[in-house]
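Structure first, commentary second.
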Amino acid sequence: MNISMILNGKKIQADIDPDMLLIDFVRSQNCPSVKRGCETANCGLCTVFLDDRPVLSCSVLAARADGRKVTTLEGLQEEAYEFGQFIADQGAEQCGFCNPGFVMNAIALFRENPDPGVEEIKEYLSGNLCRCSGYEGQLRGILAFLEWKKGGKQS
């Protein structure tokens, strides 16, 4: 079946199998940030934006993205870099495998609520699996980033 979409700002068309998952499609389009981690839609590593809303690409058929806008971390480099520095400053990117999905979900949170509280941050990001850390570094990084965005100093 033939599909077309806007992937990271570029219109693309492709012929796919009807049962192809969105994760496999975006990876075939040179988007390696989208990772396969659990294959049960529980880890958040495969998060992409579908029409600017975070979805788990391992549980969405590529055909469902036909005529829509799909954004991966490759399409958000400037925004991700700005935030990613705060995560790195807290030592929260130990192996880095979870970072793309984590950053995608954090960006979605910031877009939805520019001033979330600690409990809201924890709830929003609860679906992200990180096997290296206890999430405290990520939480400190998010809080430092939010403070910086408000005009405060980076800690």
Side-chain angles (χ1 to χ4, degrees), residues 5-12 21-60 62 64-65 67-155:
M5 69 181 70
I6 305 295
L7 178 61
N8 295 326
K10 180 181 172 188
K11 185 170 181 155
I12 60 167
L21 294 172
L22 186 56
I23 186 173
D24 297 319
F25 180 76
V26 296
R27 287 186 60 81
S28 76
Q29 298 297 312
N30 199 27
C31 298
S33 71
V34 184
K35 307 258 194 277
R36 179 175 267 108
C38 66
E39 299 198 37
T40 59
N42 285 311
C43 71
L45 297 177
C46 66
T47 301
V48 301
F49 290 167
L50 184 59
D51 294 331
D52 296 319
R53 306 272 309 158
V55 299
L56 299 172
S57 62
C58 74
S59 62
V60 175
R64 302 275 295 170
R68 299 172 78 182
K69 177 179 153 188
V70 177
T71 310
T72 68
L73 192 58
E74 286 80 8
L76 298 171
Q77 287 300 298
E78 190 174 311
E79 198 171 357
Y81 179 75
E82 181 179 75
F83 168 63
Q85 292 178 22
F86 288 85
I87 298 300
D89 285 347
Q90 296 298 324
E93 79 304 338
Q94 292 178 21
C95 82
F97 195 71
C98 70
N99 281 3
F102 182 82
V103 169
M104 292 294 289
N105 280 298
I107 289 171
L109 170 64
F110 303 148
R111 288 177 176 183
E112 189 174 309
N113 182 355
D115 191 24
V118 172
E119 290 307 312
E120 193 172 5
I121 294 167
K122 287 179 179 179
E123 182 179 325
Y124 201 93
L125 300 176
S126 66
N128 287 87
L129 177 64
C130 176
R131 293 185 173 111
C132 296
S133 75
Y135 298 97
E136 290 303 313
Q138 286 99 333
L139 181 59
R140 286 191 311 268
I142 287 173
L143 293 172
F145 175 74
L146 292 170
E147 184 65 27
W148 175 75
K149 290 293 265 187
K150 291 180 191 173
K153 293 185 178 181
Q154 181 176 352
S155 48

Just how far is it from atom [atom1] of [X] to atom [atom2] of [Y], taken to the nearest 0.5 Å?
X: R68; Y: D52; atom1: CZ; atom2: CG; answer: 11.0 Å
X: T71; Y: L50; atom1: OG1; atom2: CG; answer: 9.0 Å
X: L125; Y: Q138; atom1: CG; atom2: CD; answer: 9.0 Å
X: K69; Y: R53; atom1: NZ; atom2: CZ; answer: 13.0 Å
X: F25; Y: R64; atom1: CZ; atom2: CZ; answer: 16.0 Å

Can you find a heavy atom in the side chain of [X] that is under 4.5 Å from one in the side chain of [Y]?
X: L76; Y: V103; answer: no
X: E136; Y: L139; answer: yes
X: I87; Y: F102; answer: yes

Please say whether more than 12 non-hydrogen atoms of neighbouring residues, nucleotides or ligands are located less than 6.0 Å from CD in E82. yes

Do other residues, nucleotides or ligands put more than 12 heavy atoms under 6.0 Å from R111 CZ? yes

In chain order, what residues pass the ring pair (Phe, Tyr, Trp, His ring centres under 6.0 Å) check against F110, with sequence neighbours excluded?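 Scan of F110 (ring pair (Phe, Tyr, Trp, His ring centres under 6.0 Å), adjacent residues dropped) gives F83, F145.
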
Looking at every heavy atom in both [X] and [Y], which two are closest together, and how far apart are they?
X: R140; Y: Q90; result: NE-OE1, 2.8 Å
X: Y124; Y: E112; result: OH-OE1, 3.4 Å
X: P54; Y: T47; result: CB-CG2, 3.9 Å

Return yes if some donor-acceptor pair links the side-chain N/O of S57 with the main-chain N/O of L22 below 3.5 Å, else return no.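 Such a contact is absent between S57 side chain and L22 backbone.
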
Validation: residues 114-122 side-chain donor-acceptor distances under 3.5 Å, sequence neighbours left out:
{"residue": "D115", "atom": "OD1", "partner": "K150", "partner atom": "NZ", "Å": "3.1"}
{"residue": "E120", "atom": "OE1", "partner": "N113", "partner atom": "ND2", "Å": "2.9"}
{"residue": "E120", "atom": "OE2", "partner": "N113", "partner atom": "ND2", "Å": "2.9"}

Tell me every residue that passes side-chain contact (heavy atoms from CB on, under 4.5 Å) with [X], counting only those two or more places apart in sequence or in another chain.
X: A41; value: L56, C58, S59
X: E74; value: N8, C31, P32, S33, T72
X: D24; value: M20, L21, R36
X: Q77; value: L73

